[in-house]
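Below, chain A is the first sequence line, B the second, and so on; all start at residue 1.
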Amino acid sequence: QKEVEQDPGPLSVPEGAIVSLNCTYSNSAFQYFMWYRQYSRKGPELLMYTYSSGNKEDGRFTAQVDKSSKYISLFIRDSQPSDSATYLCAMSAGSGGSNYKLTFGKGTLLTVNP
Amino acid sequence: DAGVTQSPTHLIKTRGQQVTLRCSPKSGHDTVSWYQQALGQGPQFIFQYYEEEERQRGNFPDRFSGHQFPNYSSELNVNALLLGDSALYLCASSYGQGRSFGPGTRLTVT
């Protein structure tokens with residue numbers, strides 16, 4: 001069993017749709033949770049960063065963490081064609097500082113159709 | 001202010017050869033980590049360098065080695081290349097809570 005499992009597989013939605021992306025994890029040591037966006041042929045860029053269970057909102061993006069269920073989600077409201085990218089969940093143990101390695105899910109390729 | 005830069009952008013090698021990839025960290029960052037991202041997969045942690053020493057290592061064989069220089073730049077070396085080493089190699093530099101990824105080097109092994 002992988003430490004981090006990410007669902008769903010490739011996703012294609014119409015512009016304006018609400019998108020839901022999810023990850024589950026098995027390692028209880030994970031304390032910090034991130035969502036990265038990766039455009040084709042580019043490096044990952046940080047979208048959201050959360051620590052505690054609950055919701056965190058940033059514009060059209062909402063990240064949810066449920067540590068009791070070891071489950072995290074990212075919601076994208078009013079999706080735009082420019083949101084088309086691969087979305088990666090990532091987690092780290094410890095204080096979440098930069099000296100802790102990241103463990104990634106396999107990514108979800110999102111296509112938003114005009 | 002330049003972000004993380006990596007070179008080369010792409011390269012093609014033959015099985016059994018050796019390769020060196022390079023990374024220049026973002027200004028102000030002192031820690032460099034390397035990740036391997038196979039096609040359709042998430043990045044996998046290879047190792048991390050701080051103060052010119054390997055501080056952490058992921059589950060990668062000794063064929064993968066690295067170095068960090070006094071100016072915080074870093075190299076990733078892979079010996080005896082295998083077809084399975086074909087991937088995007090990402091460098092991430094960091095300091096404190098901040099972390100930035102470079103655009104990666106696409107390595108193809110034939």
For [X], does the [atom1] atom have more than 12 heavy-atom neighbours from other residues, nucleotides or ligands under 6.0 Å away?
{"X": "A:R77", "atom1": "CZ", "answer": "yes"}
{"X": "B:N71", "atom1": "CG", "answer": "yes"}
{"X": "B:F60", "atom1": "CZ", "answer": "yes"}
{"X": "B:L39", "atom1": "CG", "answer": "no"}
{"X": "B:R63", "atom1": "CZ", "answer": "yes"}
{"X": "B:Y72", "atom1": "OH", "answer": "no"}

Check your understanding: Where on B:Q41 is there a heavy atom nearer than 4.5 Å to chain A: the side chain, the backbone, both, or neither?
Key -> both
Review point. Contact part of B:Y35 toward chain A, heavy-atom cut-off under 4.5 Å: side chain, backbone, both or neither?
Key: side chain
Point to revise | Side-chain touch B:Q37/A:K106, heavy atoms, less than 4.5 angstrom | key: no
Review point. Is any side-chain heavy atom of B:R55 less than 4.5 Å from a side-chain heavy atom of A:K101?
Key: no
Decide whether [X] and [Y] are clustered together by the hydrophobic rule: side chain heavy atoms of Ile, Leu, Val, Met, Phe, Trp, Tyr closer than 4.5 Å, transitively.
{"X": "A:F30", "Y": "A:M34", "answer": "no"}
{"X": "B:V19", "Y": "B:I12", "answer": "no"}
{"X": "A:V112", "Y": "A:Y87", "answer": "yes"}
{"X": "B:Y89", "Y": "B:L82", "answer": "no"}
{"X": "B:L21", "Y": "B:Y49", "answer": "yes"}

Counting only non-hydrogen atoms closer than 4.5 Å, does [X] touch chain B with its backbone (N, CA, C, O), its side chain (CB onward), both, or neither?
{"X": "A:K42", "value": "backbone"}
{"X": "A:Q38", "value": "side chain"}
{"X": "A:Y39", "value": "neither"}

Exercise for review: With chain A as the partner chain, list the residues of residues 100-110 of chain B whose heavy atoms fall under 4.5 Å from it, by residue number, and write 'none' if nothing qualifies.
Suggested key: B:F101, B:G102, B:P103
Study note, to complete from the structure: Taking every heavy atom of A:P44 against every heavy atom of B:L90, the minimum-distance pair comes out as CD-CD1, 3.8 Å
Exercise for review: Against chain B, work out which of A:L88, A:L109, A:L102 has the most heavy-atom pairs shorter than 4.5 Å and name it.
Suggested key: A:L102
Practice item. To the nearest 0.5 angstrom, please state how far the OG1 atom of B:T31 sits from the OH atom of A:Y100. Key: 12.5 Å
